[in-house]
Amino acid sequence: MAHLPSDVYLTTSFMHSGDVSPTTPKLQLQLSIPHHDPTYYIPDGNTVLLVENTLFRVHRSTLTKDKSTFDSMFSLDSDLRSSSSTGVTAGPEGESDDNPIRLQGDTAQEFRALLWALYALPHELTLALTPKANTSQLFNLARITHKYEFRSIEAWALGALTTIYTRPAHSSSAQVEDVEGPSLVQLTELASLCEQRELLDAATLRWKRLLASGKDIALAVGVAERLNLRTLLGFAYHAMMLQGRDVWDNDALLTRAQRIRLLSGHYALGRLWERLPSEPPTISHSPRCTGGAQARCNQAWAALWRSTLDMGRQVLLLQYADVVGKLMLAESVTKALVEREIPTQGMLDGMPWCKDNVLAAVAGKVKEVQESLADYFTDVV
């Protein structure tokens, strides 16, 4: 009996039409025949590769640039050929369409992006650094060059993506899905995988805008937990906490463990808020503020700290556990007092040389709490 080639897939289905019984089985052959890539099946190429269902024929010397994984792969293949016995009828792997080098786990789009970078003309590469850049192509390029260790090309692709996503016109968008490019989830995964801090910061900024508008909060929680992104995780849990218990319980993306962490965070942040009035952040004193003057300055600062927290609470009603919101409001009140935008009522009289330093102290406290938010949403032991 003749054998079907490995690229032929058989499926059975029950079909009926007209006078054919519904129970009559018919065998359908779905032939998945590899096709040549229209651009990168190069006639004078000397290496054939199969990616998904697409055949690429390229120059082996091109794939070995940048000391990539292909360099060691081809060297190993050459060593195996020289040590193998004769009589192999299939021919060396990669020298024909019948016996191509099969790349597993890649997409044809990703491999096409790699070949674009390897064969591109200078003006084509320059275009990738402009607003007309193909972000999907750059994303695919960064992924596959990371996998196959094209280090310089990977760095270039990540740099191009970072330039695009930190450009003001682009970074102002707060949509998870970019119609013409990778999704925000994919972008975050890539930045984390390649450890590209600037790109990760740009992605995190877009997540924060989404969280502020109440969108895709549970999705952000899941992504941040999976990739261990502590800053994003804290902001995501905090945003979900502010949505309230009814929202937690009805969000299908949240797990039971995550709901428990939300309860834990609500309790921990509530306790933090109770402690804050009696724990003013440390301020830097002016060289002129010494001895008894410094003691009076510290007392005045402690009183000012308690007053700003209380004044903020009177100006805007925030949730009990919204420590970040309350601290940011206190920061605004402090700035207004120092800059005499509102009456100081003598609160700054005891710190004549250090009043400007309190702004840095409050800003530091806000940053400290924001960066440690994830630590409050912990598992209950």
Side-chain angles (χ1 to χ4, degrees), residues 129 131 133 135-136 138-143 146 154-243 247-248 251 253-255 258 261-262 265 268-269 272 321-328 331 363-378:
L129 302 176
T135 52
S136 291
L138 289 171
F139 171 80
N140 288 327
L141 177 61
R143 278 180 54 87
H146 178 82
E154 176 192 355
W156 178 85
L158 290 171
L161 283 170
T162 302
T163 299
I164 292 168
Y165 284 97
T166 54
R167 190 177 291 132
H170 203 291
S171 61
S172 60
S173 172
Q175 299 299 317
V176 170
E177 298 298 333
D178 185 342
V179 175
E180 298 182 353
S183 71
L184 183 52
V185 173
Q186 291 175 320
L187 194 68
T188 308
E189 291 172 338
L190 175 68
S192 177
L193 172 69
C194 300
E195 299 181 349
Q196 221 294 342
R197 172 53 57 184
E198 290 184 63
L199 184 58
L200 186 58
D201 288 343
T204 301
L205 181 61
R206 291 163 69 88
W207 278 114
K208 287 180 181 179
R209 291 197 181 103
L210 280 172
L211 297 175
S213 62
K215 298 177 182 177
D216 297 294
I217 301 177
L219 178 62
V221 170
V223 170
E225 283 194 338
R226 176 162 52 85
L227 301 178
N228 193 29
L229 304 176
R230 300 292 294 171
T231 299
L232 176 58
L233 183 62
F235 277 101
Y237 265 120
H238 184 263
M240 181 59 76
M241 179 192 73
L242 298 182
Q243 294 294 306
V247 174
W248 313 347
D251 196 316
L253 292 180
L254 289 177
T255 65
Q258 288 168 339
R261 292 184 200 116
L262 284 164
L269 287 171
L272 173 63
D322 187 7
V323 178
V324 173
K326 292 176 178 178
L327 281 174
M328 292 178 70
E331 183 180 18
K365 189 64 177 180
V366 173
K367 183 179 180 182
E368 174 193 324
V369 173
Q370 286 178 329
E371 292 181 346
S372 63
L373 273 175
D375 297 333
Y376 293 95
F377 296 91
T378 57

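Note that the coordinates shown come from a computational prediction; the quantities given were computed from them, not determined experimentally.
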Heavy-atom closest pair, residues S136 and G181: OG-CA, 3.4 Å

From CA spacing to verdict: side chain to side chain contact (heavy atoms under 4.5 Å, CB included), L141, W156: CA-CA 10 Å; L141 177 61; W156 178 85; 3.9 Å; yes

Summary of salt bridge (Lys or Arg N to Asp or Glu O under 4.0 Å) pairs that have at least one residue in residues 231-241, sequence neighbours excluded: none

Spacing of F139 atom CZ and L161 atom CG [to the nearest 0.5 Å]: 8.5 Å

Between CG on residue L233 and CZ on residue R261, distance to nearest 0.5 Å: 8.0 Å

Check: D216 side chain, L219 main-chain N or O, donor-acceptor pair, under 3.5 Å: no

Nearest non-hydrogen partners of A203 and L184, listed with the distance: O-CD1, 3.8 Å

Side chain to side chain contact (heavy atoms under 4.5 Å, CB included) assessment of L200 paired with Q196: CA-CA 6 Å; L200 186 58; Q196 221 294 342; over 6 Å; no

Contact check, side chains of L373 and Y237, non-hydrogen atoms, under 4.5 Å: no

Short side-chain to backbone donor-acceptor contact, S372 and V369, under 3.5 Å: yes

Intermediate values then yes/no, side chain to side chain contact (heavy atoms under 4.5 Å, CB included), F377 and Q258: CA-CA 9 Å; F377 296 91; Q258 288 168 339; over 6 Å; no

Backbone N/O of T188 and side chain of S192: donor-acceptor pair under 3.5 Å: no

Any side-chain heavy-atom pair of I164 and L138 under 4.5 Å: yes

Non-neighbouring partners of L211 that pass side-chain contact (heavy atoms from CB on, under 4.5 Å), sequence neighbours left out: I217, A220, L232, F235, A236, A239

Side chain to side chain contact (heavy atoms under 4.5 Å, CB included) between Q186 and R143, intermediate numbers included: CA-CA 10 Å; Q186 291 175 320; R143 278 180 54 87; over 6 Å; no

E371 with R230: basic N within carboxylate O range, under 4.0 Å: no

Set of side-chain contact (heavy atoms from CB on, under 4.5 Å) partners for E331, sequence neighbours left out: V362, A363, V366

Non-hydrogen side-chain atoms of D251 and M240 separated by less than 4.5 Å: yes

Closest non-hydrogen atom pair, L269 against A321: CB-O, 3.6 Å

Between E198 and Y165: side-chain donor-acceptor atoms closer than 3.5 Å: no

Check: L190 and L158 side chains under 4.5 Å, non-hydrogen atoms: yes

